[in-house]
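Each remark here refers to the structure printed beneath this line.
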There are 2 protein chains.
Amino acid sequence: MSAPAQKPKSDRYEEILEAAAECFQKQGFSATSIDTVARHLGSTKGRVYHYFPSKMDLFNAVRDRAMEIAFDGIRPGYDTDADPIERLRLMSMGHARVMMLRHSYMQVLLDGLQMQRYGATTEFQRQAMARHLAERNAFETMFREVLTLGADQGVMTIGHMSITLQSYLITLNGPVFWYRPRSDGSADNVDAIAHDIVRYAMRGLGIDDNDNTSTISTGA
Amino acid sequence: MSAPAQKPKSDRYEEILEAAAECFQKQGFSATSIDTVARHLGSTKGRVYHYFPSKMDLFNAVRDRAMEIAFDGIRPGYDTDADPIERLRLMSMGHARVMMLRHSYMQVLLDGLQMQRYGATTEFQRQAMARHLAERNAFETMFREVLTLGADQGVMTIGHMSITLQSYLITLNGPVFWYRPRSDGSADNVDAIAHDIVRYAMRGLGIDDNDNTSTISTGA
DNA sequence: TTGACAACATACTCGGTAGTATGTTTGCGT
DNA sequence: ACGCAAACATACTACCGAGTATGTTGTCAA
């Protein structure tokens, strides 16, 4: 009999992951206790520890999931058969959208990068960190490729690649720091904001569309 | 008799502030213990608690100092009697430089903004947070003013002011996330990096100098 | 029916940490 | 010389939080 193997590990697993993402996002790693996550689930520690052997493993799982989400956001654009500018635009829009729509996961992702700070204690943890840095690098490389293509074709102005790439990415990541999800999950505004951000970011590369309008609705 | 009132509160105070900034930067607020700061000073908790009544007060002091440093970085440019573009360039260069040269304080500053997350527990703490947000707002307003001037004069292209401002500032703040201070405190490279960042950021506003060179020395 | 296991909840241990209470030294005014 | 207070260090308390050990309930197969 074929088990319902569609769910990655069962819905419970997903529930905990989601709750953990929100807690880590709101309070950071250190300030978040397993009890906090459990309370957020309306349960107790037992349930969390039944699925995750340690707090660090839980965090790593959230981080890994966040990385998947980030990749999923840019891959359609990356795989598009188009010129570098259009590919970059699609990738950037996808990323900016994800930054807002999956806000919790994305903030945890950025926190996780800074978490070299917490010092990789165990050997296993060092491996997890190394793997994560490799993924982060792969993510950046996808953008770097398209930027290099654009520079070679003379359609993008890039000074120092490393600095420009970092500046470009941090601009797309910007919403993580100031965007707060709407109570009504309206995606329209998200698209408008993403559009503005991508336009600004791409102008930094010397790419300028003539669409100077902004469709952001300033609520009340 | 006039006491040596030059030192803000005595050198000891400054030492602790500096050590705390480095610890908070490396490990974040929650993961940093008072004992950690004390060990970093080669002393014990007693010394820290002699100058700061609580961990939160210590953090607030670091945060306030960081805010001062940030203001000092942009004020010369802001006060310059020049056109908006030149003022913005000076402000931006000053800010980008500070982001690298005072790396610890600046990272704590950004962490502190996200610290609404930790929930303002006491009434006093809520006031400190409110005051800090007001200062942050004043800081942003200095940039907003110059951007508005530039837009009015038609020398800057700004879509949605709020989004553009946030994108512009986060670009300048970028180094906080990837810059690591050199062992030799060489400032030359810092200037070159800042120059590249500011060029990218200002291009996003439609301001383009024709200086397409990058003088960053890629070590080894 | 029963045994066995998954899916938790409950009750603990134990190390770390904020904050406090209490020494101890040093310098300085008188 | 003496008192005294600043500037710490030391010792302690109280609590919280990660991890563990054990109990409880439902389900399902034989």
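Proteins get letters first, then strands, A, B, ... in listed order; numbering begins at 1 in each.
Nearest to the side chain of A/K55, among C/dA9, D/dA18, C/dA18, sits D/dA18. Considering only the side chain of B/R47, D/dA9 comes nearest among D/dA18, C/dC8, D/dA9. You'll find that the side chain of A/S43 is closest to C/dA9, out of C/dA9, D/dA18, C/dA18. Distance from the side chain of A/Y49 is smallest for D/dG19 among the nucleotides D/dG17, D/dA6, D/dG19.
Between B/F177 and A/L110, the closest side-chain pair of non-hydrogen atoms is not below 4.5 Å.
The residues B/R136 and B/E140 are annotated as salt-bridged, a charged nitrogen and a carboxylate oxygen being separated by less than 4.0 angstrom.
For A/H95 and A/F139, the ring centers are positioned less than 6.0 Å apart. A ring-centre distance under 6.0 Å is not found for A/F59 and A/F52.
The phosphate of D/dA7 (OP1 or OP2) has a side-chain N or O of B/H50 nearer than 4.0 angstrom. Contact annotation: B/R12 reaches the phosphate of D/dC8 (side-chain N/O to OP1 or OP2, under 4.0 Å).
Looking at heavy-atom distances under 4.0 Å, B/T44 makes contact with a base. Within the nucleic acid shown, B/T36 has no heavy atom closer than 4.0 Å to any nucleic acid atom.
When the C1' atom of C/dT17 is taken as reference, atom CZ of B/F29 falls 12 Å away, rounded to whole Å. Here D/dA9 presents its P atom at 12 Å from CG of B/D35, a figure rounded to the nearest Å. The distance from atom CZ of B/F52 to atom P of C/dA18 is 15 Å, rounded to the nearest whole Å. Note: CG (B/L58) to C1' (C/dG19) measures 14 Å, nearest angstrom. In this structure, CD1 of A/I34 is placed 17 Å from C1' of C/dT10, rounded to the nearest angstrom. In this structure, B/F59 atom CZ and C/dA18 atom P are separated by 14 Å, rounded to whole Å. When the C1' atom of C/dA7 is taken as reference, atom CG of A/D11 falls 14 Å away, rounded to whole Å.
Side chain B/K45 to base C/dA18: a donor-acceptor pair is found below 3.5 Å.
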Step by step, work out the side-chain contact (heavy atoms from CB on, under 4.5 Å) result for A/M67 and A/L109. CA-CA 7 Å; A/M67 204 75 216; A/L109 189 58; 3.8 Å; yes

